[in-house]
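See structure below.
FYI, the numbering just counts along the sequence from 1. In this text, all values refer to a predicted model and were calculated from it rather than measured experimentally.
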Amino acid sequence: MESFSSKSLALQAEKKLLSKMAGRSVVHLFIDETSSEVLDELYRVSKEYTHSRPQAQRVIKDLIKVAVKVAVLHRNGSFGPSELDLATHFRQKLRQGAMTALSFGEVDFTFEAAVLASLLTECRDTLLELVQHHLTPKSQGRIRHVFDHFSDPGLLTALYGPGFTQHLGKICDGLRKLLDEGKL
């Protein structure tokens, strides 16, 4: 007997459509204003650090695609009980990473690239475990790309250095607002 599921087909179509629409103008439909401001600032940091506009655009586009796909999976109830536990663990680690980044930004001489890189690597591994049965290897590669980019000790050291003070301030302001609103 042929196994056909319109729900599965609709989910695939939705993920495919959303991955094609991950441009800047569509982001505002799926991501709130504060998150968008943080993403814009992360783009600027990436662009200045890599000296490559296309590379910075690619990493932010990959981040948006992954975020939207995971949100679609969650909204459609695609995760089982053990995966929901992983999702909770991921959210806790992401929140811990945001609070650590804030702390490093607000308290002088406390920054340690290895600590933040380790938290981001844990987030990456947890997210990959969560989506391993739901997303394609290409999407999983996007997750690795995003987390590997932002956990690069060189990028983190530059971000917390004197040349990126303005960017860091805006990122910290956005993270603080997202944490206060319970969105992170």
Next item on the list: Evaluate side chain to side chain contact (heavy atoms under 4.5 Å, CB included) for Leu159 paired with Ile171, printing each intermediate quantity in order.
Entry: CA-CA 10 Å; Leu159 177 60; Ile171 290 169; 4.2 Å; yes
Next item on the list: Give the intermediate values and the outcome of side chain to side chain contact (heavy atoms under 4.5 Å, CB included) for residues Leu63 and Arg142.
Entry: CA-CA 7 Å; Leu63 192 158; Arg142 286 186 179 110; over 6 Å; no
Checklist line | Tyr43/Arg53 under side chain to side chain contact (heavy atoms under 4.5 Å, CB included): CA gap, chis, key distance, verdict | finding: CA-CA 9 Å; Tyr43 163 77; Arg53 181 175 176 244; 3.3 Å; yes
Note to self: Using side chain to side chain contact (heavy atoms under 4.5 Å, CB included), reason through Glu48 and His167 one step at a time and then give a plain yes or no.
What the structure shows: CA-CA 10 Å; Glu48 283 185 38; His167 297 302; 2.7 Å; yes
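The shortest side-chain heavy-atom distance between Thr100 and Gln96 falls under the 4.5 Å cut-off. Annotation: side chain of Leu94 is not in contact with side chain of Leu119 (no heavy-atom distance under 4.5 Å). For the pair Glu41/Glu37, no side-chain contact is recorded, criterion being any heavy-atom separation below 4.5 Å from C-beta on. Side-chain contact between Leu127 and Val66 is present, with at least one heavy-atom pair separated by less than 4.5 Å. Arg44 is not listed as a side-chain neighbour of Lys170, based on a closest heavy-atom distance of 4.5 Å or more. Looking only at side-chain heavy atoms (C-beta outward), His89 and Leu130 stay at 4.5 Å or farther from each other.
No side-chain N or O of Gln55 forms a donor-acceptor pair with one of His149 less than 3.5 Å apart. In this structure, a donor-acceptor pair under 3.5 Å is absent between the side chains of His133 and Glu83. Between Ser52 and Lys47, the side chains place no donor N or O within less than 3.5 Å of an acceptor N or O (distance only, hydrogens not considered).
Here the CZ atom belonging to Arg176 is positioned 11.0 Å from the CG atom belonging to Leu178, to the nearest 0.5 angstrom. How far SG of Cys172 is from NZ of Lys177: 15.0 Å, rounded to the nearest 0.5 Å. Taken to the nearest 0.5 Å, the CG atom of Asp152 stands 15.0 Å off from the CZ atom of Phe147. Rounding to the nearest 0.5 angstrom, the gap separating the CD atom in Glu112 from the CZ atom in Phe104 is 5.5 Å. The distance from the OG atom of Ser139 to the CZ atom of Arg144 is 11.0 Å, given to the nearest 0.5 Å. Taking CG from Leu128 and CD1 from Ile143, the interatomic distance works out to 5.0 Å, rounded to the nearest 0.5 Å.
Here Tyr160 pairs with Phe111 under the ring-ring contact (aromatic ring centres under 6.0 Å, His included) rule; sequence neighbours left out. Residues passing the salt bridge (charged side-chain N to carboxylate O under 4.0 Å, His left out) test with Arg58, sequence neighbours excluded: Asp62. Taking Phe90 as the reference, nothing meets the ring-ring contact (aromatic ring centres under 6.0 Å, His included) condition, with sequence neighbours excluded.
Within a 6.0 Å radius of CD in Gln166, other residues, nucleotides and ligands contribute 12 heavy atoms or fewer.
Across Val38 and Gly174, no two heavy atoms sit closer than the pair CG2-CA, 3.6 Å. Taking all atoms of both residues into account, the shortest heavy-atom contact from Leu86 to Thr126 is O-CG2, 3.6 Å. Across Ser46 and Val59, no two heavy atoms sit closer than the pair OG-CG1, 4.0 Å. Nearest heavy atoms, Ala117 versus Leu156: N-CD1, 3.8 Å. Residues Ala113 and Thr157 share a closest heavy-atom pair of CB-OG1, 3.9 Å. Here the closest non-hydrogen pair linking Phe79 and Val70 is CE1-O, 4.1 Å.
Between the side chain of Thr110 and the main chain of Val107, a donor-acceptor pair closer than 3.5 Å is present.
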